[in-house]
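Please read the structure below before turning to the comments.
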Amino acid sequence: MAKEITSRSEDYSQWYNDIVKKAGMADHSAVRGCMVIKPNGFAIWEKMKAQLDKMFKDTGHVNAYFPLFIPKSFLSKEAQHVEGFAKECAVVTHHRLMNDPNGNGVIVDPTAKLEEELIVRPTSETIIWNTYKDWIQSYRDLPLLINQWANVVRWELRTRPFIRTAEFLWQEGHTAHATKEEAVKETLLILDLYAKFAEEYMAMPVIKGVKTENERFAGAEDTYTIEALMQDGKALQAGTSHFLGQNFAKAFDVTFLNEHQKEELVWATSWGVSTRLIGGLIMTHSDDDGLIIPPRLATTPVVIVPIPKPTDAITEVADQIIAALKAKGINAKYDQDKKKRPGFKFAEYEMRGVPVRLGIGQRDLDKGVVEVARRDTKEKTSQPLEGIADYIENLLEEIQTNLFNRALKFRDDRITKADNMDEFKEIINTKGGFVSAHWDGTTETEVKIKELTKATIRCIPIDAEAEEGTCILTGKPSGKRVLFAKAY
RNA sequence: CGGGAUGUAGCUCAGUCCGGUAGAGUACUCGUCUGGGGGGCGAGUGGUCGCAGGUUCAAAUCCUGUCAUCCCGACCA
């Protein structure tokens, strides 16, 4: 069998790039750091988007759309915020092109300089809060629960498909509340929603936690995160939900009259997940044979391959199976391509991550069975044609569960306690994964540990148990363990 | 943004040192024999050698610049 994908043990980075390419997820584009998301990759995003959108709406949020361009002056209104993004912004300075008088194509028309430069949004807090100022007058206008699906640009110097690209797609929720309690509650509601989505739909186990001051979003009071663990032992920040306090309300002067006719600043949250999740999906489940898509995110979770090629008898059975699956809301495809051989198709669908493959040949028909191959374990069995749709429906659920449990075991096996720096370094440098250790709570110590080990504090887990201990670096007292890891 | 490497057919790459008609495998197209895990045989299509300058009678090859990609580092979601 011709290997098209580099094995993980040989070169993990190359393996990831091979999957992205060979599974038809994305291509590089002519623009540095930007990728073309191809139909196979975009289909997964569409599935994610549909589910998340439903979850947002079920919790009372509505969608809107704000401009791509942000006046430069907006960005400087919140000091912490601008500091966090200033280094990676694309700036629009002109609005017109002209023919080069020297005949070398087009040039920027120097007379068309913008009076105020525009920033291509790296995130939309500023333009949204500038708008909310006009929308919010009274406590009756609150809460304001708005989400937008959009693209954003962060001028990254080192990019990887899906994991970190200069332009990416995401959703960003921006909510305004009358009280701190309500805003905190919203932040945690979304954190739970993200975790539920990651675990139940992506089959990607995550740890919910709070970011340290050093790692938190620029302009936030608290940043909550879901952290996932990739197969190479590195952590991936998969989604964040921020409690913004009154920082943006102050910066944009967003106030309301409360029930007692007293003016107050509003309380804010923002939260987002991006196409980065697709990278997480790949690195959570896929193997050396290619992509593995959890059934709930597969546009076409079942494919039927005629062996060796379509005949009337095979086609009739395939059509019956497709109809029976469709009645259950399961989308299936029958591959009638006569030019490609079955073996080729098997390899191709495995590479593309299709969860279940059915093989039907005359021998199967004679016995009243079909061959069922599951992508997660690569196990093949013969199943009676009778009741096959029920069997597949259950199998898809089983695959979904198995993928999650497999990833969960992998993750849990890689949460290791360390009680001193020697242990810590040993774990980070060999086993990888999360290291659970005591920390004195200072940024100084966190930065020092990063310098020594390249590991950062991924989060302070929400369910961290109180435990008296001493900081692994400074020996100062600590009340609970935090999770360290090397991260993407 | 620093260090290293690479850009030649859709893909993987040879040719570059030492300038002289653009190559192979694979893919694709057609035909044919096949047919339960990436088929065999035969014939064919396909490239301004990343882009822009320069040196030269002559540039994929030498020089300069530039763009992009990969790996490592710093930075960051």
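Lettering follows sequence order; numbering is per chain, from 1.
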- Look at the side chain of A/R158 against the base of B/rG2 and say whether a donor-acceptor pair falls under 3.5 Å; ignore hydrogens and angles. no
- Among pairs that include at least one residue of residues 73-93 of chain A, which meet side-chain hydrogen bond (donor to acceptor under 3.5 Å, both in side chains), considering only residues two or more places apart or in two chains? A/S73-A/E116
- Task: For A/Y194, check ring pair (Phe, Tyr, Trp, His ring centres under 6.0 Å) against everything at least two apart and list the hits.
- Result: none
- Item | Assigned partner base of B/rU32, Watson-Crick or wobble definition, under 3.5 Å | B/rG40
- Message: Looking at A/Q362 and B/rG36, is any side-chain donor or acceptor paired with a base atom of the opposite kind under 3.5 Å?
- Response: no
- Under 4.0 angstrom, heavy atoms only, what part of the nucleic acid is A/E156 near: base, sugar-phosphate, or nothing? base
- Are any of the side-chain heavy atoms of A/I44 and A/M25 separated by less than 4.5 Å? yes
- Message: Is a donor from one side chain sitting under 3.5 angstrom from an acceptor on the other, for A/Y65 and A/Q148?
- Response: no
- Task: Can you tell me, in whole Å, how much space there is between the P of B/rG42 and that of B/rA22?
- Result: 27 Å
- Side-chain-base donor-acceptor pair under 3.5 Å for A/K338 and B/rG35: no
- Partner nucleotide of B/rC76 by Watson-Crick or wobble geometry (both distances under 3.5 Å): none
- Query: Near RNA chain B, under 4.0 Å by heavy atom, which residues of residues 194-213 of chain A?
  - Reply: none
- Message: Can you identify which nucleotide, out of B/rC76, B/rG38, B/rG36, has its nearest atom closest to the A/E88 side chain?
- Response: B/rC76
- Query: Got a donor-acceptor pair under 3.5 Å from the side chain of A/R341 to the base of B/rG37?
  - Reply: no
- At under 4.0 Å between heavy atoms, what does A/K340 touch on the DNA or RNA strands: base, sugar-phosphate, or nothing? nothing
- Item | ring-ring contact (aromatic ring centres under 6.0 Å, His included), paired with A/W271, selected from A/F197, A/F56, A/F243, A/F217 | A/F56
- Check if the side chain of A/R164 and the base of B/rC76 share a donor-acceptor pair of N or O atoms closer than 3.5 Å. yes
- Message: Using atom P in both nucleotides, what's the gap between B/rC30 and B/rC49 to the nearest angstrom?
- Response: 29 Å
- Query: Any side-chain heavy-atom pair from A/T284 and A/M230 closer than 4.5 angstrom?
  - Reply: yes
- Query: Which nucleotide, in any strand shown, forms a Watson-Crick or G-U wobble pair with B/rU66, with both distances under 3.5 Å?
  - Reply: B/rG50
- Give a yes or no on whether a donor-acceptor pair under 3.5 Å exists between the nucleobase atoms of B/rG37, that is its base, and the side chain of A/E350. yes
- Touch check for A/F217, heavy atoms < 4.0 angstrom, all strands: base, sugar-phosphate only, or nothing? nothing
- Query: Considering every strand shown, what is the Watson-Crick or G-U wobble mate of B/rG20 when both distances are under 3.5 Å?
  - Reply: B/rC57
- Query: How is A/R216 classified with respect to the nucleic acid when contacts are heavy atoms under 4.0 Å: base, sugar-phosphate, or nothing?
  - Reply: nothing
- Searching all strands shown, indicate the nucleotide that pairs with B/rC11 (Watson-Crick or G-U wobble; both distances under 3.5 Å). B/rG25
- Task: Applying salt bridge (charged side-chain N to carboxylate O under 4.0 Å, His left out), name anything that partners A/R458, two or more places apart in sequence or on another chain.
- Result: A/E215, A/E227
- Which is true for A/L236 with a 4.0 Å heavy-atom rule: it touches a base, it touches only sugar-phosphate, or it touches nothing? nothing
- side chain to side chain contact (heavy atoms under 4.5 Å, CB included) test vs A/I388 passes for just one of A/L395, A/V317, A/L325, A/V372, namely A/V372
- Query: Closest nucleotide of RNA chain B for A/G359 versus for A/A166: which of these residues is on the 5' side?
  - Reply: A/G359
- Set of residues satisfying ring pair (Phe, Tyr, Trp, His ring centres under 6.0 Å) with respect to A/Y12, sequence neighbours excluded: A/W15
- Pick base, sugar-phosphate or nothing for A/G280, based on heavy-atom distances below 4.0 Å to the nucleic acid. nothing
- Result for 5'-nearest mapping on RNA chain B, choosing between A/E167 and A/E371, is A/E371
- Task: Identify, residue by residue, the members of residues 446-456 of chain A with a heavy atom below 4.0 Å from RNA chain B, and return them in order of residue number, or none.
- Result: A/K450, A/K454
